[in-house]
Every structure is written in C-alpha cells, then in structure tokens.
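I have placed the structure first, in the form of structure tokens, so that the comments after it can refer back to it.
Proteins get letters first, then strands, A, B, ... in listed order; numbering begins at 1 in each.
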Amino acid sequence: KVMYSGRDNVQTRELIVLLISKVAGHVHPELEETQPAGVSLRQRSLAEISEMIHIAHLIHKGVVNLSPIVFDGTLLQDLEYGNKIAILCGDYFLTSAFAGLAALRNVKVMELISTAVRDFTEAEFIGVRDDQGNQIPDATMTMLEWEKKNFLAAGSLLAKSCQATLVLAGHSDELQQKAFEFGKQIAFAWQAYSDLQPFTDLYCYPPGTTIDLTSAPVILHLQSDPSLLRLISAAGDSMEHRDFKKIHHVVMAGRGVQETKDLCKSYIQAALNVLQDVFEPSDARTALENIIKVLTTY
Amino acid sequence: MSSSMRGRAARLLYSAVNRTIAPTTVPSTLNASAIYGLNSRCCVLPVASHNRTRWVQYEQSRELSSCSRVLQQVQEPEVLPHPDTLDDHHLIHMFSDIKEELKSHLEIYEIAKYYFDGQGKAVRPMITLLMSRSINTHLHDHARLFNSQREVAKVAEMIHTASLVHDDVLDASDTRRGKPSVNSLYGQRKAVMAGDYILSVASTMLARIRNEEAIVMLSQVLSDLVQGEFMQLGSKENENERFAHYLKKTFKKTASLLAYSCKAVALLSGGDENVQEVAFQYGRNVGIAFQLVDDLLDFVSSSNMMGKPTATDLKLGLATAPVLFACEKFPELNPMIMRRFQEPGDVHKAFEFVHKSDGLEQTQFLARQHCEEAIRVISSLKPSSEQKALITLTDKVLNRMK
C-alpha cells in the first residue's frame with residue numbers, strides 16, 4: 001500500500017496550523033486569552049484536534065479486510081486482534097477530537113472540521129478498488145481526478161483547519177478563504193512530494209517496494225504511455241502483488257517523474273503566493289515559507 | 001374542529017386497542033407496580049380500555065380549556081401523539097431525513113443508509129421525542145417539538161448506529177437486526193469508514209443545533225461509548241469491584257446516550273437544572289434497565305427469536321449481570337471469568353451455572369428497580385400523554401422478548 005513518508009511522524013499538520021495562526025494574528029487580541037506566542041489556547045487546541053483526527057484516520061486506514069477463506073488459524077486471530085486495536089484506537093482519537101471540538105464552543109469550526117472528516121471518509125470510496133481497498137488505476141484517470149480525490153482525502157482537513165483557526169481569531173470570510181486556499185495548495189504539494197518518494201529516494205524505497213499506482217508520477221506517465229496499464233493489470237486484481245521493480249523502471253524512464261516535480265513546484269508557488277500576498281512579513285511567515293520550500297528538495 | 005379531533009383520537013384508540021396482541025390483567029390505575037406483572041412472558045402493554053377512555057377525556061379537557069390551545073391545534077394539524085402509536089409518523093420522517101443527510105454519489109451512501117431502513121426499534125429517538133414533548137408540556141403547556149429537539153433525536157439514532165457498525169466489526173458479527181452485518185457484506189475496512197462517516201455527519205448536524213451546552217453533552221456521549229468499549233476489554237480481579245465496573249461500563253456503553261439525549265432536549269426546552277436532572281435520570285435508569293434485560297435475554301431467548309439461546313456474551317468472554325450474580329452461588333465461576341471463558345467447556349458450564357442459580361431473577365429484579373426509579377422521577381413532571389407513554393415504555397423495556 002501507499003508508503004507514508006517520515007514527515008508524517010513530525011506532526012507537521014499541527015505545526016502548519018499553528019504557524020498560520022501566528023501569521024494571521026488576531027482581529028481583537030485583547031478578547032482572546034493569548035499566549036505570548038500570539039496563538040490562543042483555542043487555536044492550540046484546534047491544531048491538536050486536527051492532528052488527532054489525521055492520526056485517527058491513518059489508524060483506521062490500517063484496518064485489514066479479513067475473510068476466513070484467505071486467512072485462517074492463528075494468523076486470522078492475530079489480524080483480527082490487530083484490527084480491534086486499530087479500530088478502538090482510531091475511535092478513541094476521533095471521539096476525543098469531536099469532544100474537543102465541542103469544547104471549543106464555536107459552531108462554524110465544528111461544522112468545518114466535521115465536514116472535513118466526512119470528506120476523507122468519502123474519499124476512501126472513490127474509484128474502483130481491490131480486496132484490500134487499494135485503488136486500481138485505469139486509462140481515463142487524469143490529474144483533475146487526482147486533485148479531486150486528494151483534496152477530499154488529505155487537502156480538506158488541512159485547508160479547513162487553516163480556515164477554522166482564522167475563524168477562531170475572528171478574521172473576515174475573505175481572509176478565511178485565503179487560509180483555506182493556502183492549506184489546500186500545501187496539501188497538494190505535500191501529496192505530490194509524497195508520491196515522488198518511491199522514485200527519488202532510492203535508499204528508503206529500493207525498486208521493488210510497493211508503489212501507489214494512482215500516484216501522480218504513475219498517472220502522468222500513463223497519460224503519455226498507456227502501455228504501462230497492461231503491465232499493471234497483468235497479475236490479477238490485487239494491487240499488492242505486482243512487479244513493482246519493472247513498473248518502477250518504466251516510470252523512471254518516462255516523463256512522469258519530472259512532470260510531478262514541476263507540478264509540486266507549482267503548488268508550492270501557489271501557496272507561497274497566497275502567503276506573501278495576504279500576510280505581512282514576520283518570523284512566523286518566514287518559518288512557514290522555509291518549511292514549504294523544503295518540499296522542493298528531493 | 002374539536003369534534004374531529006375527538007373523533008380522530010377515538011379512532012386511534014380503537015385501532016391501538018385492537019393492535020395489542022393479548023391484553024392481560026386490567027390494572028385499575030397506571031400504578032407502576034401493577035404494571036410489571038410477575039409474568040415475565042408478558043410481552044404487551046397491559047392496558048385496559050377504560051384507562052384509555054380516561055386519557056381521551058383528559059385530552060378533551062385540555063383541548064377545550066382555552067382558546068389559545070384550540071388555536072394551537074389548528075396550527076398543528078398533526079395528531080397528538082398517542083402512547084401506542086408513539087410518534088410513528090415522526091420516526092418514519094426521521095429515517096428519511098437521516099438518509100437525506102447521508103447522501104453521496106459514492107458507494108458509501110449505500111453502506112451508510114443500510115441500517116436506516118426503519119427496521120430497527122428506534123428506541124432512542126422515540127424516548128428522546130417523548131421526553132421532549134413531556135418536558136415541553138411541563139414547561140410550556142404545549143407538546144410541539146422544537147426543531148432542535150428533532151435534530152437531537154436524529155443525532156442520537158445516528159450515533160447509536162455508527163457505534164453498532166463498529167461494534168459488529170469488533171465482535172466479528174455476521175448478522176444484525178435479522179440481516180447480514182455491514183462488515184460481512186462489504187468487509188471490515190469499508191465498515192469502519194462507514195461508521196466514521198455516519199459519525200461525522202451526525203457531528204455536523206449536531207453543530208447546526210447551535211446550542212453549545214447541548215453539543216458538549218452529546219459529544220461527551222461519543223467519548224463514553226469508546227471508553228465503555230475499552231472497559232469491556234479489561235477485567236477486575238476483585239469480585240466486589242467487578243459489579244461496579246460492570247455497571248459503569250453499562251452506563252457508558254448504553255445508558256449514556258439515552259441519558260444525555262434526554263438531558264439535552266430538556267435543556268433545549270429551556271429547562272433548569274432540576275428538569276434536566278429528571279430527564280437525565282430517566283434516561284440513565286431506562287438505559288441501564290435496557291442493557292440488563294439485554295444481558296438477560298442472551299441467556300433465555302427462545303426458539304421464536306433465534307433458534308436457541310445464543311450466549312454470545314459468554315462466547316465473547318464477557319461476564320454480564322446474570323453471571324456476576326451467579327458467582328455468589330457458584331464461586332467456581334470466578335476463575336472462568338478471569339480467563340474470559342476461553343477454556344473448552346467454559347461457556348457451556350457457565351451457562352448451566354447461571355441457569356441453576358438465581359442470577360436471572362436477580363438481574364430482572366435489578367432492571368425492575370431501575371425502571372421504578374425512572375418512573376418515580378418522570379412522575380414529577382406535569383401529567384401528559386407522553387409522560388404516561390414514557391412510563392409504559394419502561395414496562396416494554398422490562399418485558400420485551402427481543
């Protein structure tokens with residue numbers, strides 16, 4: 001299945017939300033109990049909630065489809081137990097997050113984040129999938145669909161969290177929209193970067209490791225060279241048992257990787273544009289810019 | 001106008017009375033202890049026709065007492081809820097409303113709406129709506145529902161369903177409500193995602209109520225549900241602690257949703273702390289009674305319902321009230337509880353022990369006590385047909401066979 005890059009361990013979502021809060025400041029600083037760092041307690045809480053929801057989702061995605069036909073005996077028992085823990089942990093994080101959301105006592109924020117949760121659960125059902133829920137690519141997939149799916153799956157939470165934290169600060173709808181846009185572009189850049197990892201980081205991902213076959217490089221490659229699809233569909237329905245070494249080789253030889261790198265750059269530029277056009281220069285803004293620019297180094 | 005109302009009420013009465021399957025002994029009052037009857041096989045409201053007449057007369061007097069009330073009847077063309085119909089038409093609308101909220105062009109819509117087909121008992125929204133009307137009558141002298149209260153009922157049912165979906169994956173259940181469970185049809189992953197989806201939609205609806213206290217209360221339920229699930233995984237060494245642990249877990253898993261839904265609608269009606277407490281205690285006691293009866297039925301449900309007593313709880317390693325009571329007489333149950341009935345023959349032996357002891361009777365007795373407490377608190381509200389419905393509902397809870 002999809003490889004999660006190491007960055008997801010560093011709670012970057014939380015960091016982004018906190019930084020954008022700081023960058024935007026407050027409309028009425030004296031009304032909120034602000035901490036010295038310029039970020040209110042409620043905004044901190046929101047950032048944590050956002051991260052918790054992300055983690056809950058990752059954990060729930062780890063649930064495995066089990067059937068006694070395929071697995072049996074102690075393996076089945078172990079996997080069932082693993083599923084149990086995954087479901088309960090995910091539920092625990094999710095419900096804690098919802099309880100925290102309620103405690104923020106802001107209806108708009110609660111609506112925003114709840115719809116974000118709805119979005120990423122819906123995203124799991126987009127497209128045709130195999131037995132374990134991996135999406136199967138087909139010849140008609142375009143980057144537009146990639147964007148739509150990844151907006152729901154990843155972008156929505158980040159975009160809406162950024163917007164929500166500005167709601168808590170009392171900012172105008174326009175500024176909220178900008179924050180939303182910023183979050184969305186970052187999420188796309190992030191996803192594109194993540195999709196590139198199997199093709200750029202050959203130490204962590206030696207050829208042969210599982211690749212997400214609906215990732216950007218693969219889709220872009222398929223657009224110029226649909227013959228790869230034959231290789232992909234060759235070995236039956238499961239997306240987990242493919243000749244990844246060969247697929248890797250084919251994609252590396254094509255234009256997909258470079259096009260994805262360009263795409264990533266354009267998302268980053270879009271995000272930077274929003275930041276620089278809308279918000280005043282500050283330490284926080286520079287920090288955000290630096291974080292984003294890291295995504296351009298492969 | 002008033003005569004047509006009377007006519008409608010009378011017709012409803014008639015059909016309701018004819019619907020009851022086997023009218024049993026006729027209590028002359030709706031006294032709580034008279035209702036329970038010692039026959040645990042009784043599965044029907046022991047209602048007498050002359051009691052009904054009394055209610056109709058009561059409603060008539062309410063109707064005719066003031067102009068404004070008559071006007072209200074005009075504005076509210078719906079029939080005043082009758083204890084037996086128990087808001088049926090509202091409940092049907094509720095399910096279609098919920099399905100509307102869950103709409104999506106993706107497969108998730110099929111999965112999410114699977115349990116909202118109106119086949120479930122819808123006990124929680126029913127109690128919530130009845131409680132809403134009782135409290136509205138108590139506080140404002142009218143039984144019309146506020147929209148926010150309707151939303152709470154919907155949210156309650158959705159939260160309950162979401163937890164069922166996840167529970168079925170956790171317990172690896174194949175069936176639910178007489179049809180295949182979601183996880184057996186679609187696999188575990190989709191079931192988990194569907195549960196999350198329903199929860200997120202419920203949360204959005206909750207936010208729209210716009211009453212922060214109510215939102216906080218119902219979100220508390222979510223944490224309680226998960227905590228209850230975790231509590232079920234653990235077990236206590238000490239026998240004395242065990243029962244307290246069981247009751248606490250029962251509250252979190254079952255009663256919490258009912259209690260807080262009732263409390264929320266009381267709040268939304270503008271009730272003060274005392275009124276909210278009445279609602280909360282009713283919900284809590286009925287919830288606990290509900291679970292106790294559930295645990296009891298696991299040992300006794302007979303051939304009409306499931307072919308044979310299922311003893312699912314034992315097979316899952318859970319020591320419920322009947323078992324805990326049976327421990328007093330058969331201490332050999334203790335090590336079995338500790339090892340969660342894993343050894344071969346444990347389930348069978350434990351089952352025997354429970355039936356040989358008075359565990360089942362004690363469980364029924366405890367459930368009855370909770371119901372009596374529920375009746376006691378709800379009786380402090382102003383009389384209304386909904387209040388009476390809530391009282392007779394406790395009897396239904398006690399005497400149900402499935």
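Within the 4.5 angstrom heavy-atom criterion, no atom of L112(A) approaches chain B. Only the backbone of L102(B) comes within contact range of chain A, with heavy atoms under 4.5 Å apart. Contacts between L88(A) and chain B at a heavy-atom distance below 4.5 Å involve backbone atoms as well as side-chain atoms. For Q227(B), no part lies near chain A; criterion is any non-hydrogen pair under 4.5 Å. In this structure, chain A has no heavy atom under 4.5 Å from any part of I198(B). L218(B) does not touch chain A: none of its heavy atoms, backbone or side chain, sits under 4.5 Å away. For a residue to count as touching a neighbouring chain, one of its non-hydrogen atoms must lie under 4.5 Å from one of that chain's; by this rule I108(B) touches chain A with backbone and side chain alike.
By number of non-hydrogen pairs under 4.5 angstrom with chain A, the leading residue of M205(B), Q188(B), R210(B) is Q188(B). For the options K190(B), E212(B), Q220(B), heavy-atom pairs under 4.5 Å to chain A are most numerous at E212(B). When each of V107(A), V117(A), L94(A) is scored by its heavy-atom pairs under 4.5 Å with chain B, the top score falls to V107(A). Taking I111(B), D196(B), L199(B) one by one and counting their heavy-atom pairs under 4.5 Å with chain A, the maximum is reached by D196(B).
For the residue pair S181(B) and S173(B), no side-chain donor N or O sits within less than 3.5 Å of a side-chain acceptor on the partner. With hydrogens and angles left out, the side-chain atoms of Q291(B) and K249(B) include no donor and acceptor closer than 3.5 Å. Between Q342(B) and D346(B), the side chains place no donor N or O within less than 3.5 Å of an acceptor N or O (distance only, hydrogens not considered). Under 3.5 Å, the side chains of Y197(B) and R118(A) contain a donor-acceptor pair of N or O atoms. Of the N and O atoms on the side chains of S256(B) and D224(B), at least one donor lies less than 3.5 Å from an acceptor on the other residue.
Other residues, nucleotides and ligands contribute over 12 non-hydrogen atoms within 6.0 Å of the CZ atom of F146(B). In the displayed structure, K108(A) atom NZ is contacted under 6.0 Å by more than 12 heavy atoms of other residues, nucleotides or ligands.
Distance alone, capped at 3.5 Å, is enough to place a donor-acceptor pair between the H171(A) side chain and the A24(A) backbone.
Using a 4.5 Å cut-off between non-hydrogen atoms, the part of residues 163-170 of chain B that approaches chain A consists of H166(B), V169(B), L170(B).
Listed by first and then second residue, the salt bridge (Lys or Arg N to Asp or Glu O under 4.0 Å) pairs involving residues 146-162 of chain A are D119(A)-K160(A) (not counting sequence neighbours).
Aromatic ring pairs are classed by plane angle as parallel below 30°, tilted from 30° to 60° and perpendicular above 60°; the pair F95(B) and F116(B) is tilted.
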For R105(A) and E213(B), run salt bridge (charged side-chain N to carboxylate O under 4.0 Å, His left out): C-alpha distance rounded to whole Å, both residues' side-chain angles, the deciding distance at 0.1 Å, then the answer. CA-CA 8 Å; R105(A) 292 171 187 266; E213(B) 267 312 314; 3.2 Å; yes
